[in-house]
Amino acid sequence: MKTNHIFLVVPALLFTVSCNDNGAGTASGFFEAEEVTVSSEADGRLLKFNISQGDVINVGQSVGAVDSTALFLNRLQLIKSGQSVQSNRPDVELQIKALEAQLAYQESEQQRIRRLVEASAVPAKQLDDIKASINMLKHQINAQKSVLEGSVGSIDAQSSAIDIQIALLDDRISKCRLTAPVGGTVLTTYVHQGEFTSTGRPLYKVANLDEMSLRAYITSDQLAGIRLGQAVAVKAVFGHEQRDYTGKVTWISSKSEFTPKNIPTDSERADMVYAIKIAVQNDGFIKIGTFGQVKF
């Protein structure tokens, strides 16, 4: 999203700044609103784009949709690949169970043969042989577990990688469902239904017109009498109509700038001025570019 401000220049009446002896007075300027340019986060054809200039939209409202068919099919393919990978995952417990059964039998035989050796019924070599067989089985079980667990780890890693790819696709698919990130009035649209859009392409511009900012300029004499949060009287002029409002100073420039050539003053011409912004709650009368005057 891109945020900028509109400032409308009207020939012959740009700004008026006046002050009295104690630094109070008036300043004039034009109303502006913070604009947000909403851009596409997906590539594809616009299947739906259902907003127009002048529409008022809310945060999270659906404003359109980009074709996500290819992404959806790719997602299905990845799901099948994940299922195939998981089908090759060995059951470690089941495959080791047979060797452990052999080990249990050999250990039982070891006890039987030990009793026979103690009774001198069989030679001691038979006990040594079965001990060697038990040790070999234990080594086989450990080796088999290591191989199977390595295979399980590799398959789980492949499965996790596929899950991540699916999550990335889910994110891309969600971005095909166009929802308003900010609310406000649609100032202009840049696309139409059926067109092909791409990531980063502007779709529409929106601004919150419920609160407008009067951008005006004050002299250095007036600067000393103005503070942030100060309540001021504001007059909006649109054609032959005008309305009075109460505004609040929300910003004062920390740097002075040269006075525009067509800014007159009541006394001598001021060489340097400071920009200020006054927030005003809009009742629908104020438009972007409406001329305004503030009285301190």
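The residues of the chain are indexed from 1 along the displayed sequence. No experiment lies behind these values; they were computed from the predicted model shown.
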For the side chain of [X] and the backbone of [Y], is there at least one donor-acceptor N/O pair under 3.5 Å apart?
X	Y	answer
Asn142	Lys138	yes
Gln61	Asn58	yes
Gln222	Thr219	yes
Asn208	Gly184	no
Thr290	Lys287	yes
Gln293	Lys235	no
Ser159	Asp156	no
Ser151	Val147	no

Greater than 12 external heavy atoms within 6.0 Å of [X]'s [atom1]:
X	atom1	answer
Phe72	CZ	no
Glu241	CD	no
Tyr105	OH	no

* Quick one: do Ser213 and Glu32 satisfy side chain to side chain donor-acceptor pair (under 3.5 Å)? Show the steps, please. => CA-CA 5 Å; Ser213 292; Glu32 60 185 26; 5.5 Å; no

Given side chains that start at C-beta, do those of [X] and [Y] come closer than 4.5 Å, heavy atoms only?
X	Y	result
Phe238	Ile286	no
Tyr204	Phe49	yes
Gln126	Ile130	no
Trp251	Arg215	yes
Tyr274	Met272	no
Lys205	Val36	no
Ile57	Val186	yes
Val232	Val249	yes

* Start with the C-alpha distance between Tyr190 and Leu203, add both sets of side-chain angles, then the distance that settles side-chain contact (heavy atoms from CB on, under 4.5 Å), and finish with yes or no. => CA-CA 5 Å; Tyr190 302 107; Leu203 300 175; 5.8 Å; no

[X] and [Y]: which non-hydrogen atoms are nearest, and at how many Å?
X	Y	value
Gly54	Thr185	O-CG2, 3.9 Å
Ser28	Phe291	CB-CZ, 3.5 Å
Ile51	Thr189	O-CG2, 4.0 Å
Val59	Gly183	CG2-N, 3.4 Å
Leu209	Ala33	CD2-CB, 3.9 Å
Ile155	Pro90	CD1-CD, 3.9 Å

Run the salt-bridge test on [X] and [Y] with the 4.0 Å N-O cut-off and return the result as yes or no.
X	Y	result
Arg112	Glu109	yes
Arg172	Glu41	no
Asp67	Arg45	no

* To do: Show your working on side-chain contact (heavy atoms from CB on, under 4.5 Å) between Leu99 and Gln144 and close with a plain yes or no.
  => CA-CA 9 Å; Leu99 290 175; Gln144 187 73 355; 4.3 Å; yes

Quick one: [atom1] on [X] to [atom2] on [Y], what's the gap to the nearest 0.5 Å?
X	Y	atom1	atom2	value
Asn282	Arg243	CG	CZ	9.0 Å
Ile218	Leu223	CD1	CG	5.0 Å
Gln140	Ser133	CD	OG	8.5 Å
Asn88	Ser154	CG	OG	10.5 Å
Leu46	Leu178	CG	CG	6.5 Å
Ile141	Met136	CD1	CE	12.5 Å

* Does the side-chain contact (heavy atoms from CB on, under 4.5 Å) test come out yes or no for Lys277 and Lys248, once each step is laid out? -> CA-CA 8 Å; Lys277 287 185 181 180; Lys248 183 172 69 174; over 6 Å; no

* To do: Sort out for me which residue in Ile134, Leu127, Asp129 forms a side-chain contact (heavy atoms from CB on, under 4.5 Å) with Lys131.
  => Leu127

* Carefully, step by step, assess Leu228 and Thr250 under the rule side-chain contact (heavy atoms from CB on, under 4.5 Å). => CA-CA 6 Å; Leu228 289 175; Thr250 57; 5.7 Å; no

* To do: Would you please name every residue forming a side-chain contact (heavy atoms from CB on, under 4.5 Å) with Ser81, sequence neighbours left out?
  => Ile162

* Asked: Partners of Ile164 by side-chain contact (heavy atoms from CB on, under 4.5 Å), sequence neighbours excluded?
  -> Leu168

* To do: Step by step, work out the side chain to side chain donor-acceptor pair (under 3.5 Å) result for Asp283 and Tyr245.
  => CA-CA 10 Å; Asp283 58 3; Tyr245 301 90; 2.8 Å; yes

* Asked: Is there a donor in the side chain of Thr199 and an acceptor in the side chain of Asp43, or the other way round, less than 3.5 Å apart?
  -> yes

* Can you spot which of Asp163, Asp170, Asp171 makes a salt bridge (Lys or Arg N to Asp or Glu O under 4.0 Å) with Arg75? => Asp170

* Lys255: side chain to side chain donor-acceptor pair (under 3.5 Å) partners, not counting sequence neighbours -> none

